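Working notes for the structure below.
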Amino acid sequence: MASENPFSNILRTLEKPAGGGEFGKYYSLPALNDPRIDRLPYSVRILLESAIRNCDEFQVKKHDVEKIIDWENTSPKQVEIPFKPARVLLQDFTGVPAVVDLACMRDAMNKLGGDSNKINPLVPVDLVIDHSVQVDVARSENAVQANMELEFQRNKERFSFLKWGSNAFNNMLVVPPGSGIVHQVNLEYLGRVVFNTNGVLYPDSVVGTDSHTTMIDGLGVAGWGVGGIEAEAAMLGQPMSMVLPGVVGFKLLGKLRDGVTATDLVLTVTQMLRKHGVVGKFVEFYGEGMSELPLADRATIANMSPEYGATMGFFPVDHVTLQYLRLTGRSDETVSMIESYLRANKMFVDYSEPQVERVYSSYLELNLEDVVSCVSGPKRPHDRVPLKEMKADWVACLNNKVGFKGFAVPVESQNKVADFKFHGSPAHLRHGDVVIAAITSCTNTSNPSVMLGAALVAKKACELGLQVKPWIKTSLAPGSGVVTKYLQRSGLQKYLNQLGFHIVGYGCTTCIGNSGDIDEAVASAITENDIVAAAVLSGNRNFEGRVHPLTRANYLASPPLVVAYALAGTVNIDFDTEPIGIGKDGTKIFFKDIWPSSEEIANVVQSSVLPDMFKDTYNAITQGNPMWNNLSVPSGTLYAWDPTSTYIHEPPYFKNMTMSPPGSHGVKDAFCLLNFGDSITTDHISPAGSIHKDSPAARYLIERGVDRRDFNSYGSRRGNDEVMARGTFANIRIVNKFLNGEVGPKTIHIPSGEKLSVFDAAQRYKSEGHDMIILAGAEYGSGSSRDWAAKGPMLLGVKAVISKSFERIHRSNLVGMGIIPLCFKPGEDADSLGLTGRERFTIDLPSNVNEIRPGQDVTVVTDTGKTFVSILRFDTEVEIAYFNHGGILQYVIRNLINAKH
């Protein structure tokens, strides 16, 4: 039972400056009079304040607070702490299934005799609809309106459902489509930095169902991505159970050299931190270089935390943060409150004062002057390539065997030219030619310096007479309307338009696979000639098969470099020695001729990016647009499920649920459904992009009268479990060891030896009464925080995943869905143990849940006589409780019904 907060004695009043009254009460860390607090990283102080404020000796206990205060000694010991975030952030791809689950939980509460109104968010939930815009129309002045009309045609049912959710549930703000990208809107508008709720002040903190929620860390708000199911529990007041993380101190020195961008910096930082190893840790940035780092650059670095593997990349609040808050239209009163509270609670960094030495778990250092222009690719965000080495690296990739840095193109085929007709005119493609060039993604579109830098490249190129080849699909998708305002004020948008970079919409596009179709003639030239075509995008993810099925090479680059590569038309170029094109007077134009200086960019930013732009944009944001405002919405607090809907469908998670937990269970004589190597991403497991015409999901839709042109994407159909189960492991680039090198979403049904789609094989195993497991290598589940990558396997009947290692969020999602995560012992994997995957696997777990311990050894026995010991990756006691209940949502429902307080 909850009791009074034992820390009420440290409640203090925060006075306004110059005797203007009071801001409110706050829990004062200095009032604890504990010298250990001064040595804590700032990111850990936010965890500490939350534990103190929420301490009720029930969900959060006094000894949890002591663990955090003693972080220096406790963090190496993998101790467990509860954390209650201040709010939850959703986008529509994850928001729809979250609202589906909440609606389902209300139904389950009703059936079990509970109060369905208890299923209501207890903390603010911000939901931004940003993932549905697709680049169907590009290189057109009317692209925005045309794409939005198509977006509403496809997604009307989903949008109506989300609008119902905003009315049916308390504390839920829905930002309508066409407003921007969730993380940029969070940075520029939703981020509070400090909350004032009922007269109590406390730091903003957020968990989001998109892994790039970490972007808000650049604003000094502690935020990170979690699985949708974990976020739903947090909405309903459940504390998140987490291991108290180590914190890597990353010291920044100096300033960036002329012409080097924030994107170059983040790709460098990503590679450094990947090498250092930061999975499950916080990274906290500090040092004199911070004063030279604008907030937009900090947000770019924080955004890519998932790519370097950290839970957070945190920048404590300082004077640069306050300047940004004023720039983005936050009121003087709000900024004064934020500064006063954070200074009073020792959470503000003032670089004009002597710095107290803080303790970190490990240390890294980077002189910003050492950063050089670069890109990353062709298949992973952390495979950085300095621009000077790009041509040599490309040639090596053609020669290398198929892998993260290889395409195995025979030498005699490397200079192949594919001739074709483009709208009646002769055209040709070679390996490395660019067919998609996209200025996209919150990583960069929130940063005025790189956006205006791209526009300056376009201006110089147009003035010199350069053009982009017409068959390259170019697009510009700003993360908020503010970008359009400053591009127009600068007078530079017309040059981007001239090169084909027209604005196509406001939201996530190419970076998540919403690149739309490329011209049929181009597509045929690629497929018929087996061309390794390239996409260049200012995104954060470039896993194979994500950007577009036909671009095998995908490079992450700054927006100015996206324009440069579009002009060059190929990634097979040395920008130092080869011309980027021929000017209007017949002279060769080189990279240096179109590249702006840092001073040129700074001058345009200074004159073009103004506070009123942010105020005007966000004053209008919740008013919606005519298409949104005219949507009809169902009434009532319980959703009326339509069994014929192919978008919104009642999932079976709570079917036959009783008040008694099902208890612990092992796995008996399971078949291996899929046998994977390393780096299987959540894009492989549950793709977000287009639905292939020959897939089980396509078959399901066609049987229900859906025309192929209306398939939409997997991401848009996440409210329908029938589609998503069929889309599990449906990525066309997935590599399953059972298929001996063949690529694609198939597997072998072991008893019969038949090659089937993964869904069909799973259905056959289920009908035969067999359990299933998955074998995998390292980094299983890396990439997006995609709860369907756990929900889908659960619906297929997968009971356990045995891998070398898991990505943090995906492991948590598996636990939340009742799937057992196991790791091979260090130095071992399926190959070293001589496992073919054709064995049958038995995993023995104690039937008494009280005998299960986090991280304990578990023996796996096969029918061939091979036995090996694995590590049970239930990392906390709470996760064992979730397993006992059959999943986190079942645990929450039973707890809410049983709650007597």
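Note that the structure is a prediction, hence the values are computed from the model and not measured.
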- Message: Can you see whether Ser664 engages Ser847 through a side-chain donor-acceptor pair at a distance of less than 3.5 angstrom?
- Response: no
- Arg811/Asp875 ion pair, N-O < 4.0 Å: yes
- Message: With heavy-atom distances below 4.5 Å as the criterion, would you say the side chains of Ser361 and Pro76 are in contact?
- Response: no
- Message: Can you confirm if the NZ or CZ of Arg53 lies within 45° of the ring axis of Tyr27 and under 6.0 Å from the centre of its six-membered ring?
- Response: no
- Query: Are the side chain of Glu879 and the backbone N or O of Ser241 linked by a donor-acceptor pair below 3.5 Å?
  - Reply: no
- Are the aromatic rings of Phe883 and His665 close, with centres under 6.0 Å apart? yes
- Task: Determine the interplanar angle of the Phe282 and Trp224 rings, folded into 0 to 90°, and report it as parallel if under 30°, tilted if 30 to 60°, perpendicular if over 60°.
- Result: tilted
- Query: Can any side-chain N or O of Asp678 pair as donor or acceptor with the backbone N or O of Ala778 at less than 3.5 Å?
  - Reply: yes
- Specify the closest pair of heavy atoms between Glu232 and Ala98, including all atoms of both residues, with the distance to one decimal. OE2-CA, 3.2 Å
- Only one of Asp101, Ile819, Asn813 forms a side chain to side chain contact (heavy atoms under 4.5 Å, CB included) with Lys791, so which one is it? Asp101
- Look at Arg718 together with Asp92 and state whether they make a salt bridge at an N to O cut-off of under 4.0 Å. no
- Message: Do the side chains of Arg726 and Glu722 get close enough for a salt bridge, i.e. N-O under 4.0 angstrom?
- Response: yes
- Using modelled atom types only, decide if a donor and an acceptor are shared between the side chain of Thr209 and the backbone of Gly227 within a distance under 3.5 Å. no
- Message: Using modelled atom types and a 3.5 Å cut-off, is there a donor and acceptor pairing between side-chain atoms of Arg45 and backbone atoms of Leu40?
- Response: yes
- Task: Assess the side chains of Gln91 and Asp210: does a donor N or O sit below 3.5 Å from an acceptor N or O?
- Result: yes
- Qualifying ring pair (Phe, Tyr, Trp, His ring centres under 6.0 Å) pairs with a residue from residues 774-807, counting only residues at least two apart or across chains: Tyr780-His810
- Item | SB check Asp126 Arg192 (cutoff 4.0 Å) | yes
- Query: Is any side-chain N of the basic residue among Lys62 and Asp64 closer than 4.0 Å to the acidic one's carboxylate O?
  - Reply: no
- Query: Are the side chain of Asn54 and the backbone of Ser50 linked by a donor-acceptor contact shorter than 3.5 Å?
  - Reply: yes
- Just by distance, do the side chain of Glu839 and the backbone of Phe841 share a donor-acceptor pair under 3.5 Å? no
- Message: I'd like to know if the side chain of Ser686 reaches the main chain of Thr682, judged simply by a donor and an acceptor atom lying under 3.5 Å from each other, with no hydrogens or angles considered.
- Response: no
- Verify whether one side chain among Glu779 and Ser679 offers a donor that lies under 3.5 Å from an acceptor in the other. yes
- Query: Hey, are the side chains of Val758 and Thr728 touching, using non-hydrogen atoms and a 4.5 Å cut-off?
  - Reply: no
- Task: Report the C-alpha distance between Leu47 and Leu244 in whole Å, list the side-chain angles of each, state the deciding distance to 0.1 Å, and finish with yes or no for side chain to side chain contact (heavy atoms under 4.5 Å, CB included).
- Result: CA-CA 9 Å; Leu47 301 181; Leu244 185 61; 4.1 Å; yes
- Task: Mind running salt bridge (charged side-chain N to carboxylate O under 4.0 Å, His left out) on Lys61 and Asp56 for me, showing each step along the way?
- Result: CA-CA 6 Å; Lys61 299 182 178 178; Asp56 60 359; over 6 Å; no
- Query: Under 3.5 Å, side chain of Thr214 to main-chain N/O of Ala302, donor-acceptor pair present?
  - Reply: yes
- For side chain to side chain contact (heavy atoms under 4.5 Å, CB included), just list the numbers for Phe169 and Met235, CA-CA rounded to whole Å, side-chain angles, deciding distance to a tenth of an Å, and then say yes or no. CA-CA 11 Å; Phe169 295 102; Met235 287 180 214; over 6 Å; no
- Asp683/Arg786 salt bridge by N-O under 4.0 Å criterion: yes
- Nearest heavy-atom neighbours spanning Ala234 and Val123: O-CG2, 4.2 Å
- Arg106-Asn120 side chain donor-acceptor pair, cut-off 3.5 Å: yes
- Inspect the contact between Arg274 and Glu307 and indicate whether a charged nitrogen and a carboxylate oxygen are less than 4.0 angstrom apart. no
- Message: Looking only at side-chain N and O atoms, does Asn736 offer a donor or acceptor that is under 3.5 Å from a partner on Thr747?
- Response: yes
- Message: Under a 3.5 Å cutoff, is there a donor and acceptor pairing between the side chains of Thr862 and Arg840?
- Response: no
- Task: Please check if atom NZ in Lys668 has more than 12 non-hydrogen atoms from other residues, nucleotides or ligands closer than 6.0 Å.
- Result: no
- Pair Gln59, Lys84: side-chain N/O donor-acceptor within cut-off below 3.5 Å: yes
- Task: Give me the ring orientation class for Tyr639 and Phe161: parallel if the planes are under 30° apart, tilted from 30 to 60°, perpendicular past 60°.
- Result: perpendicular
- Message: Keeping Glu284 on the side-chain end and Ser43 on the backbone end, is there a donor-acceptor pair under 3.5 Å?
- Response: yes
- Message: In this structure, is the centre-to-centre distance between the rings of Phe93 and Tyr714 below 6.0 Å?
- Response: no
